[in-house]
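Protein chains get the first letters and strands the later ones, always in sequence-line order, with residue 1 at the start of each.
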Amino acid sequence: MKNKRSSIKRRNQNEENWKSLRTTRDDLSLDRTLPTGQSFRWQKVEEYDENDENEKKYSTYVGVIGRRVVQIRERMEFEEEEEKSYETTTIEFRVLNTNESNICKNEDKENGEQEEEQVTKDVRAYFNLDDPIPLKDLFEQFSKADPYRFGRLSAYVRGARTLRQPPAECLISFVCSSNNNIARIKKMVESLCEKYGEELVCNVSSRSRSRSSGSSGRDDDEENEVNDKEEINESKIYHAFPTVEQLAEKCDEQTLRDLGFGYRAKFIPAMAKELVKRGGEAYLLKLRDAPQTEEEKYRAITELTSLPGVGPKVAGCAALFSLDKKSVVPVDTHVWQLAREHFDPNGELASMETTASTTKGSANEEGAEQQRHKESSTPTTPTKQKDKPLSITPKMMKKCEEMLVSIYGAYAGYAHTALFVAELPTVRESLPEHLRTPTKADKKRGEKNGEKKPEKKKRKFLKVDGENKSDDDGA
DNA sequence: GCTGGACCTTC
DNA sequence: AAGGTCCAG
């Protein structure tokens, strides 16, 4: 409503609005946290550093936290000291929208400063940056507890954090995630926000043409020209995630079906209404603030599971990603696969796959094989199955979660996040071959060649060979 | 309690 | 098939 003010001034103002998140890249890597399928609202945006004479490009993320549109970047600085020069990374953010935050209603300066503090607090909270234990230290603990897998992986997933999202947003997003892929989940969440969420008005920073002094006068900014409508107003509209009240009142199944939600369309209005009945967001926040005991953890999961569209997996995600239940390990097909591959030397998990998975005839055989070495006497699994997708039963989830919690402890959920991130294509590619979890294709190929899966036996007892400490990622 | 299907789209 | 859940039997 109030975008009549001078956009130029605002633009300059924004340039200086970057504030430090007061963390380090050991504790937070944006690339390993924001686009990893915890939250579906972050968009990677390339920017140019206007203070750098070469206008060096750097990447930022733009997303919405509550009612603020937030942009985050990792800024690298090179410092020279005597002979050595080294770089430090500062993680910074700024608020882009003008109808919340950086404008104080009564031009009171103190209020403004309070607001500034509040913003920083909120953003830090969203990233769980006020944990009692820094992520770096946790990773060291995980590595000690599990040198074979986590220890060798930790350098490649440094800064892979677990977020702390608004509970209703998190829960509803993950209801959309069932039997679905990330790209479509993002689309669904975005359309839900556009349809029902509060508008958040941002000034658009029409960079580029300001100075094309840079050597490569390329302008890949054609999209700015295309969006001429928005360019004129110099504002861009983002949307808050709708509140449960908004959804309960306005949202209906048919509309969501038309938006492409498929069979999940009926869950969201039903859940919103039920949540409102139970007290709205405050009801969920109560689950968050309950004492951090195992009992309360299970209670939270039970409560969530009684909502429409929420099974154990979705409840686990909401509990871990928004309700401070840090030992929860939400087990999905991917986590199951990696647990079976790396944490199942005795084939306990493998033996539970009574339903054949898509590709592995050998999985069951192998599991049964190893099972025989132990004493447990589950009925030997049939060797021949049809090609049905593997579905994870609650029993399997429980077993898998227990196994990981027994290894990683009270912050097992954080370890899970890092292990999961290591499986994402972009990160996986940065891993040395021997750390990559074999894909189905790999296994198939192996079977065809009649190979014997050489590793398996050395597993837990192999000492961590001196994997060159390559402190770093590929990015 | 546990298991097998159906369920909406789309990459 | 994709980061499951619900509902019968």
Under 4.0 Å, counting only non-hydrogen atoms across every strand here, what does A:V310 touch: a base, just sugar-phosphate, or nothing? sugar-phosphate
A:R257 has a side chain; which of C:dG4, B:dC8, B:dC2 sits nearest to it? B:dC8
How is A:G262 classified with respect to the nucleic acid when contacts are heavy atoms under 4.0 Å: base, sugar-phosphate, or nothing? base
Remember a base hit wins even if backbone is also touched, and classify A:F174 as base, sugar-phosphate or nothing at under 4.0 Å, heavy atoms. nothing
Counterpart residues, side-chain hydrogen bond (donor to acceptor under 3.5 Å, both in side chains), relative to A:K44 (two or more places apart): A:D31
Select one nucleotide: of B:dC8, C:dT5, B:dC11, the one nearest the side-chain heavy atoms of A:R264. B:dC8
For the side chain of A:N179, starting at C-beta, report the closest nucleotide among C:dA2, C:dC6, B:dC2. C:dA2
Under 4.0 angstrom, heavy atoms only, what part of the nucleic acid is A:G260 near: base, sugar-phosphate, or nothing? nothing
Using a cut-off of strictly less than 4.0 Å, decide whether A:R184 has a side-chain nitrogen or oxygen near OP1 or OP2 of B:dC11. no
Just checking A:T36: base, sugar-phosphate only, or nothing, at a heavy-atom cut-off of under 4.0 Å? base
From CD1 of A:I185 across to P of C:dA2 the rounded distance in Å is 12 Å
Could you say whether A:I182 or A:L307 is positioned toward the 5' end of DNA chain C, judged by the nucleotide with the nearest heavy atom to each? A:I182
Reading 5' to 3' and counting Watson-Crick or G-U wobble pairs with both distances under 3.5 Å, write the dot-bracket notation for DNA chain C, | for bases paired outside the strand. ||.||||||
